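Letters go in sequence order (proteins before strands), and every chain restarts at 1. Since the structure is predicted, the reported quantities are computational estimates derived from the model, not experimental observations.
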Amino acid sequence: MSTDEPVSTTPTVPAKPALEGLEAKWGAVWEEQGTYRFDRDHTRAEIYSIDTPPPTVSGSLHVGHVFSYTHTDTIARFQRMRGKEVFYPMGWDDNGLPTERRVQNFYGVQCDPSLPYLDGFEPPFNGDVPTGKKKPQSVHISRRNFVELCDRLTAEDEIVFENLWRGLGLSVDWSMTYATIDERSQRVAQRAFLHNLQRGEAYQAEAPVLWDVDFKCAVAQAELDDREMPGAYHRIPFHRIAADGGVGDPIHIETTRPELLAACVALVAHPDDERYQPLFGTSVRTPLYGVEVEVRAHALADPEKGSGIAMICTFGDTTDVVWWREMQLPTRSIVGIDGRILRDTPDWILAAGPDAVTRYEELAGKTVKSAQGAVVEQLRATGELDGEPRPITHPVKFYEKGDRPLEIVTSRQWYLRNGGRDAELRDALLRRGTELAWHPPYMQARFTNWTEGLNGDWLVSRQRFFGVPFPVWYPVTADGEIDHDHPILADEARLPIDPSSDAPTGFDESQRGQPGGFAGDPDIMDTWATSSLTPQIATGWGEDPDLFAKTFPMDLRPQGHDIIRTWLFSTVLRSHLEHGSLPWTNTALSGWILDPDRKKMSKSQGNVVTPDHLLAEHGADAVRYWAANGRPGTDTAFDPGQMKVGRRLSIKLLNASKFALSLGDTGADTDRSFLLAADPSEITEPLDLAMITRLTALVDEATVAFEGYDYARALERTESFFWNFCDEYLELVKGRAYGAGGTVPATSAIASLRLALSVLLRLFAPFLPYVTEEVWSWWQPGSIHRSEWPSADKLRAVSIAGDPLVYEVASAVLGEVRKAKTEQKRSLRTEVARIVVHDTALRLDAFRAARADVTEAGRVNEVEVIAIDDHADATVVVTLVPPDADA
RNA sequence: GGGCGAUUAGCUCAGUCGGCUAGAGCACUGCCUUCACACGGCAGGGGUCGCUGGUUCGAGUCCAGUAUCGCCCACCA
């Protein structure tokens, strides 16, 4: 902004300033004037770019969002005032299961990727699907139609979200938004995947995966939840094979999953366990089925657990997978992708004889839960259940959004290398974690823990319908078999593509599924596979090279600490693989909002407070004030009381500003580019100089705090200074400013007040954008949010330095005068006949420098000062005029 | 089992390099119709800084141990 345009020196201060209506008023002005519009005509060094977390639009916003997005906004505003051109886009996360479910329920449709696209399709319902018994059959539609409906629905959600964000005063450039399912995001996700594939970082493998039987979908390590579940140890004998081939002595194992007996491939005990050492290498027979399995030794077997020997099934849990892989055991799966026991009797059971087959057939088609009951009955019948099942509670793996325990099934999936099976890559990622600046720093430990603990590559394919498809087809051989080993990759120029409705280059749609033709990959990518690319999406990677060069790597990733293992980690990974760099230089982790019972606020707990209500009741600045008090990384209690305090602060700013400006201008010709309405040569009085010295220290503190992403500290210091400024300084100079001591001292007071006001407003601007903009508009040109952040160096450069002790002693003596009046239950206007100040010589000198201000503010007639020793107690003896003389 | 964080007034929280009698706001008590603000102001009561040791002239702060709460992670038969 220009600094030499003429400035009106006559403030236009409303007679009765109020907070009501400021959001609407300034929201419109900011939009109209493009206050937060990003101007790319800057160098990379001049730009500060933020990788804003895209909120999930299918959910609803709650105070936790308001909390963390406010934190980011204070940083954005600070950087903007420091002269940075802030790149601050907003994304919407409409990818993934929550949106899929919402679209299904809202429109009464179901996605079926095998169906062709229907032009101009209209859904049967529009948010009015009957529920209960009247609930109609869903209409099945193609993936492309489904995605179109998603776009339609989320567009409405986005408007609601944007309005809330605008009301909160986020200084986002609303002309730059993206959605994680929009074409650009799909293109970026598919292009990045093709690059990963070409570099050998993505691969497909047939392997055991954690499988949710309800969603019929593979689940990645990062999406797991452990839940304490009731279970029971079943003590079951395996049978040694006697020399004559008959049944020998039993070996008891304890298992929580007896239904998997038919899937048993070995027994295992610890190599040092003397009880079982003689058995290693020998074979035993399983109960019920009599299948022969070997007894093996492995260090993971825990002699303390159960009977110290375990059965290995394919697959009961992830330990089974480790054993199976490391000891190269056979695969004997009996659980299908629907979570039921396979209907066809497996070969190894058929080979074990008619009894085995009969028993298996009793289980076939049952869910694992009911199969367990049936197996227990069979064991009882054969006398092979030793005692009764012993109930326990144990942690069981769940998909974080799922309702039934995960099963482990073998299937073909896409994986992305993430260091889980590759020490070199893992070390490189750990180094990236060290390069990144963490706020607060201790959060890096979570990244390190997670990265070091990875035990496999990232499973990125999902057997869902709604999401970014893999840009891949497979040839169909002459015999009609799909050849997964020779995928046909999409041309980058064609992206985004949907292999379920687009044909690969060189093929025709009629060849889909035909011998000699092609078949599309039916899966979609994990939502994190798209979300991990938000920096690339936002900065226009591969789409807008100029923008990308100016904004990537970005400066800041704000996010919750609970998704370090998912979002943060995967974003670092993708950037490392694609660009060989960090995606950003800083990350700021925000805490959670806890309800008064110290529980995390979440929809499922039913303890959510809606933000609209809060904004309406307390005002945006007040809500922001509460949020900004939450330090980085620290969980914060939801506290409407703090919002009331924020509101009080805003009102105080209005009134104190009104007062300071009502005293008039000094008429000085000032350098408005930084001091704004004060000529340093006019500031002459010791108390004024002392206040400005304190103010300079405040600017230093607030700036250092903000530079270290500690917005909460910057606010706390500024607020504390401001209240003291109102209670002490304003009261002390009031009389002088009105002219009690003559023109020169009055001018000094007025100039100091205006200088301090200008500085304080700007220090508050990142937190209280509305009220500071309002006050700024009374006497300053342009938006405060594009004004210059106060500079302590510039304040020092004009040599307006004073002795802070003057301020301190003057406040202390005035405090004693007030105390005397209060204790004697007299009005603060009561005149004081005489005060006697006992203090050290040094402090008395300081007092003398502000003596006139103190006597004026305290209505003191006569002052005596008495010097005392350094160790003696300082006192002020106050003698009020008699009560009858007061009238 | 491993890691990280927290524990300071009734409540929510500051307390930076170890340094005067441990601070703020809310709540509470009393007072003041004060010419910017009653959506205000002034003053006051309220704390063995989770516990136990140690280092130090001196510990809320540093070290060791311990308890409780929370979060993250773990191969949970």
Side-chain angles (χ1 to χ4, degrees), chain A residues 13 16-19 224 226 228-229 231 233-234 253-257 260 267-269 298-302 305-313 316-323 392-397 440 442-450 452-455 561-562 564-565 591-592 594 596 598-600 626 629-631 633-642 644-645 647-663 701 704-705 710 712-713 716-717 719-720 723 726-727 730-731 734 738 814-815 817-830:
Chain A
V13 182
K16 194 87 182 149
L19 299 176
L224 299 181
D226 279 0
E228 283 293 329
M229 296 293 289
Y233 276 127
H234 300 73
I253 59 110
E254 293 193 7
T255 179
T256 54
R257 310 236 14 211
L260 294 180
L267 295 188
V268 65
H298 193 278
L300 272 185
D302 182 354
K305 215 170 272 180
S307 57
I309 187 163
M311 71 167 180
I312 303 173
C313 305
D317 61 29
T318 50
T319 320
D320 282 344
V321 177
V322 174
W323 281 324
I392 54 157
T393 343
H394 62 153
V396 175
K397 285 191 192 308
Y442 62 80
M443 288 293 181
Q444 191 194 336
R446 302 208 181 178
F447 176 86
T448 305
N449 276 355
W450 172 253
E452 285 174 344
L454 287 167
N455 53 25
H561 57 70
D562 52 329
I564 288 174
R565 64 173 177 162
W592 282 336
L594 307 174
R598 305 212 64 87
K599 290 198 184 102
K600 185 193 175 188
W626 158 75
N629 267 300
R631 303 187 114 71
T634 306
D635 294 347
T636 297
F638 174 70
D639 187 359
Q642 282 298 305
K644 294 203 171 79
V645 174
R647 188 174 173 80
R648 237 165 45 104
L649 172 63
S650 302
I651 292 168
K652 193 75 174 177
L653 265 169
L654 288 177
N655 287 316
S657 303
K658 174 187 159 193
F659 172 64
L661 295 175
S662 72
L663 296 167
E701 262 193 296
V704 166
D710 195 351
R713 183 183 198 79
E716 191 248 318
R717 291 304 150 117
E719 184 194 10
S720 158
W723 282 107
C726 291
D727 295 342
L730 226 46
E731 294 300 329
K734 199 182 264 187
Y738 278 134
L814 180 62
V817 172
R818 285 167 172 162
K819 188 171 173 177
K821 293 177 181 178
T822 297
E823 279 172 354
Q824 293 178 43
K825 306 196 173 180
R826 306 282 296 277
S827 158
L828 291 180
R829 298 180 70 188
T830 305

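- Remark: A/Y442 is not in phosphate contact with B/C71, judged by side-chain N or O atoms under 4.0 Å from OP1 or OP2.
- As rounded to whole Å, 16 Å separates atom P of B/U12 from atom NZ of A/K644.
- For the C1' atom pair drawn from B/C62 and B/G25, the interatomic distance equals 30 Å after rounding to whole Å.
- Look at CZ on A/R631: it is 17 Å from P on B/G5, rounded to the nearest Å.
- A search for side-chain hydrogen bond (donor to acceptor under 3.5 Å, both in side chains) contacts involving A/T319 returns A/D317, not counting sequence neighbours.
- Using a 4.0 Å heavy-atom criterion, one finds that A/K652 contacts the bases of the nucleic acid, with or without backbone contacts as well.
- One interatomic measurement links the two molecules: NZ of A/K16 to C1' of B/C35, which rounds to 13 Å at whole-angstrom precision.
- Residue contacts shown for A/E731 include a base, since a base heavy atom lies under 4.0 Å away.
- Across B/G47 and B/G23, the matching C1' atoms stand 11 Å from one another, rounded to whole Å.
- Remark: P of B/G15 and CD of A/E701 are 11 Å apart, rounded to the nearest angstrom.
- Under the rule for a side-chain hydrogen bond (donor to acceptor under 3.5 Å, both in side chains), the partners of A/W323 that lie at least two apart in sequence or sit in another chain are A/H298.
- The phosphate of B/A36 (OP1 or OP2) has a side-chain N or O of A/K734 nearer than 4.0 angstrom.
- Taking CD of A/Q642 as the reference point, atom CZ of A/R647 lies at 15.5 Å (rounded to 0.5 Å).
- For the C1' atoms, the distance from B/C49 to B/G44 is 23 Å, rounded to whole Å.
- Here the straight-line distance linking atom CZ of A/R818 with atom OG1 of A/T830 works out to 13.5 Å at 0.5 Å rounding.
- A/D727 places its CG atom 15 Å from the P atom of B/A36, with the value rounded to the nearest Å.
- Nucleic acid contact class of A/C313 (heavy atoms, under 4.0 Å, all strands): none.
- Atom CG of residue A/L814 and atom CG of residue A/L828 lie 9.0 Å apart, to the nearest 0.5 angstrom.
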Pair assignment for RNA chain B - dot-bracket with | for other-strand partners, Watson-Crick or G-U under 3.5 Å:
(((((((..((((.....[...)))).(((((.......))))).....(((((..]....))))))))))))....
Nucleotide by nucleotide, nucleotides 72-77 of chain B touches protein heavy atoms under 4.0 Å in the pattern (B base, S sugar-phosphate only, - none) -SSBBB
Show the numbers, then the answer: is there a side chain to side chain contact (heavy atoms under 4.5 Å, CB included) between A/N629 and A/T636?
CA-CA 9 Å; A/N629 267 300; A/T636 297; over 6 Å; no
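- Residue-to-nucleotide proximity on RNA chain B shows that, of A/L730 and A/A445, the 5′-proximal contact is made by A/A445.
- Here A/K734 pairs with A/E731 under the salt bridge (Lys or Arg N to Asp or Glu O under 4.0 Å) rule; sequence neighbours left out.
- With P as the reference atom, B/C13 and B/C57 are 37 Å apart, rounded to whole Å.
- Every residue meeting the side-chain contact (heavy atoms from CB on, under 4.5 Å) condition with A/Y442, not counting sequence neighbours, appears here in chain and number order: A/P440.
- The P atoms of B/U56 and B/C51 are separated by 23 Å, rounded to the nearest whole Å.
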Evaluate A/H561 against A/I564 for side chain to side chain contact (heavy atoms under 4.5 Å, CB included), listing each step before the verdict.
CA-CA 6 Å; A/H561 57 70; A/I564 288 174; 4.3 Å; yes
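- Residues satisfying the side-chain contact (heavy atoms from CB on, under 4.5 Å) test with A/D727, not counting sequence neighbours, are none.
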Can you give one letter per nucleotide of nucleotides 20-31 of chain B, going 5' to 3': B for a protein heavy atom under 4.0 Å from the base, S for sugar-phosphate only, - for none?
-----SS---BS
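- Considering CZ of A/R257 and OH of A/Y233, their distance stands at 14.0 Å, rounded to 0.5 Å.
- At the heavy-atom level, A/I312 lies nowhere under 4.0 Å from the strands shown.
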Under 3.5 Å, which protein N or O atoms sit close to an N or O of nucleotides 61-64 of chain B? Give each pair with its distance.
none

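- B/C37 atom C1' lies 14 Å from atom CZ of A/R647, rounded to whole Å.
- With values rounded to the nearest 0.5 angstrom, A/L649 atom CG is found 15.5 Å from A/K644 atom NZ.
- Rounded to a whole angstrom, the distance from the C1' atom of B/A22 to that of B/U61 is 11 Å.
- As rounded to whole Å, 12 Å separates atom P of B/G44 from atom CZ of A/R818.
- Rounded to whole angstrom, the span from the CG atom of A/L649 across to the C1' atom of B/C37 amounts to 13 Å.
- The CD1 atom of A/I253 sits 9.0 Å away from the CD1 atom of A/I309 when rounded to the nearest 0.5 Å.
- Partners of A/R565 according to the side-chain hydrogen bond (donor to acceptor under 3.5 Å, both in side chains) rule, which considers only residues two or more places apart in sequence or in another chain, do not exist here.
- In this view, A/K652 satisfies the salt bridge (Lys or Arg N to Asp or Glu O under 4.0 Å) rule with no residue, not counting sequence neighbours.
- With its glycosidic angle more than 90° from 0, B/C49 adopts the anti conformation.
- Annotation: B/A43 and B/U34 have their C1' atoms spaced 15 Å apart (nearest Å).
- With P as the reference atom, B/A64 and B/C4 are 12 Å apart, rounded to whole Å.
- By the side-chain hydrogen bond (donor to acceptor under 3.5 Å, both in side chains) test, A/E701 is found to be paired with A/R717, residues two or more places apart in sequence or in another chain being considered.
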